[in-house]
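For ligands, and for the atoms within them, numbers begin at 1 and follow the listed sequence. Since this is a predicted model, take the numbers as computed values, not measurements.
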Amino acid sequence: MSTRFEEFYRRSIEDREGFWAEQAQLIEWHRPPQQICDYGHPPFARWFAGGLTNLCHNAVDRHLAARAGQNALIAISTETGAEKAYSYQELHAEVNRMAAVLKALGVQKGDRVQIYMPMIAEAAFAMLACARLGAIHSVVFGGFASGALASRIDDAQPKVIVSADAGSRGGRVVAYKPLLDEALQLSAHRPAAVLIVDRGLAPAPMRAGRDHDWASLRALHMDAQVPCEWVDATHPSYTLYTSGTTGRPKGVQRDTGGYTVALAASMKHIFAAQPGQTFFCTSDIGWVVGHSYIIYAPLINGMATVLYEGLPVRPDAGTWWGIVEKYRVTHMFSAPTAIRVLKKHDAAHLHRHDLSSLKALWLAGEPLDEPTAAWISDAIGKPIIDNYWQTETGWPILTLCNGVEKQDTRFGSPGKAVYGYNVKLIDDATGQELTQANQKGVLAIEGPLPPGCMQTVWRDDERFVNTYWKSIPGRLIYSTFDWGIRDEDGYYFILGRTDDVINVAGHRLGTREIEESIAAHAQIAEVAVVGVADSLKGQVALAFAVVRDAALTDDAPARQALEAEIMKLVDSRLGAVARPSRVLFVAALPKTRSGKLLRRALQAVAEGRDPGDLSTMEDPAALAQVQQQL
Ligand code: ATP
Ligand code: MG
């Protein structure tokens, strides 16, 4: 007998149109869709074509009737001490003011608006105002250097750029305006206007005729009423870049109707979330998790959402958990990398707070190793739910759908294939589907991708088709470029990126498997394994480890002893074939600004090659240190 979830999943694949027609009822349409899914030109899917709707209407206006006075957006900065809760009515008023200002600056339906902002309420107003006008926003992670910003300006060609004088990180003011001015020197494109939110943190010299002050313009539009622009479901809502972990970032283009429906459905079936509850996602609006689960999904679902500027450990490791207590947060969403930061601190900081409102903690973005999952699960006493997805998909591909049916967590697995995603494991050499349990293959998705996923690469249909749909011989199928395995119960395990598979003397090993076994050593805080070319074995594994107590590796004999212990651990867990040729100890690992391990840069440096595009790298010192160790 099949379970409730299995039936739900099967229907989403076998009766695609019926299933998604039903989900489409979760949002409001100005005119209902004329067609549920137009897949006449694969791999381009047009969801809910002919339907007219508006993302801002569904996120804000729609809730005014029933919850005007309820909290909608709670903006908290532990950097500046600012804290303000906006009700739906207040959010509506602010979004109307922002929309009126953007309109006055010339923004119309289809125009791009670049948003280069810290985590402040005005960033949310700007995103929602764009959606209101049918303009396409393109958020660039705040604090990206001018070069990365300039290339994104040239790609998006925005009519207006919305920015701020500065952000703040760990008590240090990061001036944005000079970076933006520099980027505008570097870029070929010239926006018609720049709108600056002046927080009074850093000097922001304004260029007459181009730069405008938000507070002054807002004051002219206090009572503005800007109607929502009804757009076709397939009208682009935004573009957003991938993290750049594997190379040059890709500009993902997302639609309007499909995305709104997908997010509404995810709140119901994945998060089991109710209107009136409070969602706290600790990501940044510069990433897809921030777009979907700080801004749009909680608001579409009539919830309050927390927008947080600050670190998880400042003033201390209890800061997030104090927010959970104060605002009775029900759903929390974070990333393994943030939990690893917390893990270096005393769990007592978490225990100080009343977390009784919290139902569960969702984590996404990179592999969730078992020690990290176990630590946070112990520390907060709540279910920890891993979920696997990509900028490209906009919402989870693999997780537990507890809103459909209670499912058990299996440590090390993000869960099962989510409804709507026809997930397959493919043998990358033959293109054959792997149907047996426990076979390793490329995680792929049979088209059409479900609603909410990318429509194309911005202004580059060819790159969309060639990058994602042509990598597997002999068939048109979407590749995630992740490598995985499925157990007999349908739980998937991600083994690493497809280009992270190491081939040692003919044995195919996932870097993740080796990392997991090394992370089991009590002294290891974090580890990265890469495959390095070897004339004898083809490839060998090389490990870079961060130890919990740096003093432990201060002298050569201690380092060697720890290295030997780690090798023995890998031998016993995976076998000698997986044993790294060396374990090098470093103070930090190179990461993207979104906190992902830059394994390809490690590998390139280890092989003495050029590390390639590093525009999204967080801390160049980490890579320099690795270079020294080699
Ligand atoms: P780029 O595509 O530019 O190289 P990126 O893949 O890191 O960068 P994102 O879209 O931010 O860009 O990240 C998606 C990827 O992150 C996934 O393909 C997967 O490799 C990894 N990932 C996300 N969530 C999980 C998870 N829960 N478990 C394991 N890996 C995950
Ligand atoms: Mg990717």
Show which atoms of ligand 1 fall inside a sub-4.0 Å distance from at least one heavy-atom site of [X].
X	result
Gly365	16 (O), 21 (C), 22 (N), 23 (C), 24 (N), 25 (C), 31 (C)
Glu366	22 (N), 23 (C), 24 (N), 25 (C), 26 (C), 27 (N), 28 (N), 29 (C), 30 (N), 31 (C)
Asn387	24 (N), 26 (C), 27 (N)
Pro367	28 (N), 29 (C), 30 (N)

Can you tell me which portion of [X] lies within the under-4.0 Å heavy-atom range of ligand 1? Options are side chain, backbone, both, or neither.
X	answer
Asp386	side chain
Leu368	neither
Trp287	neither
Asp482	side chain
Lys596	side chain

Test item: Asp386 and Thr399 side chains (from C-beta on) under 4.5 Å apart, heavy atoms: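 The answer is no; the side chains never approach within 4.5 Å.
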Check against side-chain contact (heavy atoms from CB on, under 4.5 Å), Ile285 and Leu307: CA-CA 9 Å; Ile285 51 155; Leu307 181 87; 4.1 Å; yes
Charged N-O contact under 4.0 Å between Lys440 and Glu513: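 The answer is yes: the pair qualifies as a salt bridge.
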Electrostatic pair Arg512-Asp369, nearest N-O below 4.0 angstrom: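 Asp369 and Arg512: not salt-bridged.
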Verdict with supporting geometry, Phe544 and Val530, side-chain contact (heavy atoms from CB on, under 4.5 Å): CA-CA 8 Å; Phe544 297 89; Val530 296; 4.0 Å; yes
Ring-face cation of Arg152 near Phe144 (centre distance under 6.0 Å, axis angle within 45°):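 Arg152 over Phe144 ring: yes.
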Quick one: which of [options] has a heavy atom closest to [atom]?
atom	options	answer
atom 9 (P) of ligand 1	Val288, Thr391, Leu597, Ile397	Thr391
atom 6 (O) of ligand 1	Arg512, Arg497, Gln390	Arg497
atom 7 (O) of ligand 1	Thr498, Leu240, Thr245	Thr245

Residue of the set Trp362, Trp320, Tyr293 for which ring pair (Phe, Tyr, Trp, His ring centres under 6.0 Å) holds with Phe333: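 The single option meeting the ring pair (Phe, Tyr, Trp, His ring centres under 6.0 Å) with Phe333 is Tyr293.
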Plane angle bin for Tyr259 and Tyr238 - parallel if under 30°, tilted between 30 and 60°, otherwise perpendicular: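 Correct class here is perpendicular.
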